[in-house]
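Index from 1, following the sequence.
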Amino acid sequence: MNTIPFTQDGLDKISAERDKLTAERPEVVGNLQKAREMGDLSENGYYKESKARLGWLDGRLRYLNRLIKQAEIVKSGQVTLTDGKKTYEYKIVGGYESNPQEKTISYQSPLGRAILGKKAGETVKVQTPNGLVEYKILKISA
């Protein structure tokens with residue numbers, strides 16, 4: 001079985017989502033039962049919506065449970081870079097929890113892969129949609 005790297009924070013977030021959805025499921029099942037009791041299901045929008053919601057919820061729970069089962073806790077690192085014009089600070093995390101808008105990048109991203117194994121003071125080149133960009137690593141911390 002392949003493992004999926006997560007920081008402890010990332011695993012806690014998906015565990016909390018799973019717990020929230022698990023607590024919500026009995027209400028969704030109850031709504032579906034109420035909709036079935038209304039009679040003709042072919043014209044019942046409440047039934048269709050309830051059935052769709054339960055399907056989505058169960059699918060999401062399967063997905064989250066798979067991630068949690070395969071999760072491997074890894075330490076995240078913080079990196080500070082400059083392209084000569086601007087300074088960037090990112091937290092390096094697992095692929096499922098990356099969000100560049102929140103200043104987290106995956107170790108599997110082009111920038112994350114370029115940084116792995118490097119030290120402060122080294123320069124890395126990364127291919128971006130706007131062309132090749134060169135970054136100088138100012139600081140790396142665990």
Side-chain angles (χ1 to χ4, degrees), residues 1-38 41-142:
M1 176 170 68
N2 293 335
T3 60
I4 301 171
F6 278 97
T7 61
Q8 186 62 55
D9 287 344
L11 184 59
D12 290 346
K13 283 181 186 176
I14 64 169
S15 294
E17 181 183 358
R18 181 201 49 192
D19 294 345
K20 178 181 173 267
L21 294 177
T22 299
E24 188 180 312
R25 192 176 188 284
E27 179 184 345
V28 173
V29 169
N31 289 341
L32 184 61
Q33 288 172 340
K34 285 178 199 171
R36 281 188 183 137
E37 293 168 0
M38 291 179 180
L41 300 180
S42 65
E43 296 292 323
N44 188 335
Y46 184 55
Y47 171 77
K48 290 176 185 176
E49 174 60 31
S50 297
K51 187 175 176 182
R53 175 71 181 152
L54 182 60
W56 176 86
L57 187 81
D58 285 343
R60 184 71 181 162
L61 283 169
R62 279 190 303 275
Y63 173 74
L64 294 173
N65 283 326
R66 182 182 64 80
L67 291 180
I68 291 166
K69 184 178 179 182
Q70 293 180 272
E72 175 185 10
I73 302 297
V74 296
K75 291 177 77 174
S76 69
Q78 193 92 13
V79 64
T80 306
L81 312 161
T82 184
D83 61 3
K85 301 173 192 162
K86 189 174 175 186
T87 300
Y88 306 90
E89 191 169 308
Y90 293 108
K91 182 177 180 181
I92 300 174
V93 296
Y96 285 91
E97 54 189 310
S98 67
N99 184 345
Q101 293 174 338
E102 293 179 5
K103 306 254 186 255
T104 60
I105 60 170
S106 167
Y107 72 95
Q108 297 167 316
S109 69
L111 182 57
R113 283 194 310 259
I115 293 168
L116 283 179
K118 302 290 192 253
K119 297 178 183 164
E122 291 188 68
T123 302
V124 295
K125 294 179 183 178
V126 180
Q127 186 64 44
T128 70
N130 295 330
L132 196 62
V133 179
E134 189 172 296
Y135 295 99
K136 182 173 183 179
I137 302 171
L138 301 177
K139 180 180 171 187
I140 295 179
S141 58

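For Ala120 against Leu138, the heavy-atom pair with the smallest separation is CB-O, 3.6 Å. In terms of heavy atoms, Ser106 sits closest to Ser98 at N-CB, 3.4 Å. Here the closest non-hydrogen pair linking Gln108 and Arg113 is O-NH1, 2.5 Å. In terms of heavy-atom proximity, Tyr107 sits nearest to Pro5 at OH-CG, 3.0 Å. Taking all atoms of both residues into account, the shortest heavy-atom contact from Val126 to Ala114 is CG2-CB, 3.8 Å. Across all their heavy atoms, Glu72 and Thr3 have their closest contact at OE1-OG1, 2.9 Å.
With rounding to the nearest 0.5 angstrom, the NZ atom of Lys136 is 6.5 Å from the OG1 atom of Thr123. To the nearest 0.5 Å, atoms OH (Tyr88) and CG (Leu81) are separated by 9.0 Å. Distance check: Lys118 NZ to Tyr135 OH gives 15.0 Å after rounding to the nearest 0.5 Å. If you take OG1 on Thr7 and CD on Glu97, they are separated by 3.5 Å, rounding to the nearest 0.5 Å. Distance check: Arg25 CZ to Asp58 CG gives 4.0 Å after rounding to the nearest 0.5 Å. With values rounded to the nearest 0.5 angstrom, Ile68 atom CD1 is found 10.5 Å from Ile4 atom CD1.
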- Query: Can you list the steps and then say if Leu11 with Tyr96 is a side chain to side chain contact (heavy atoms under 4.5 Å, CB included)?
  - Reply: CA-CA 10 Å; Leu11 184 59; Tyr96 285 91; over 6 Å; no

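Side-chain contact between Ile92 and Ile105: present, with at least one pair of heavy atoms (C-beta onward) separated by less than 4.5 Å. At a threshold of 4.5 Å between non-hydrogen side-chain atoms, the residues Leu67 and Phe6 count as touching. Residues Asn65 and Arg18 have side chains in contact (heavy-atom distance under 4.5 Å, counting atoms from C-beta outward). In this structure the side chain of Glu89 reaches within 4.5 angstrom of the side chain of Gln78, judged on heavy atoms. Counting only heavy atoms from C-beta outward, the side chains of Trp56 and Leu21 approach each other to under 4.5 Å.
Remark: Lys91 engages Asp9 in a salt bridge (charged side-chain N to carboxylate O under 4.0 Å, His left out) (not counting sequence neighbours).
Checked by atom type and distance alone, the side chain of Thr128 never pairs as donor or acceptor with a backbone atom of Leu132 at under 3.5 Å. Between the side chain of Glu17 and the backbone N or O of Leu64, no donor-acceptor pair lies under 3.5 Å. A donor-acceptor contact shorter than 3.5 Å links the side chain of Gln70 to the backbone of Asn2.
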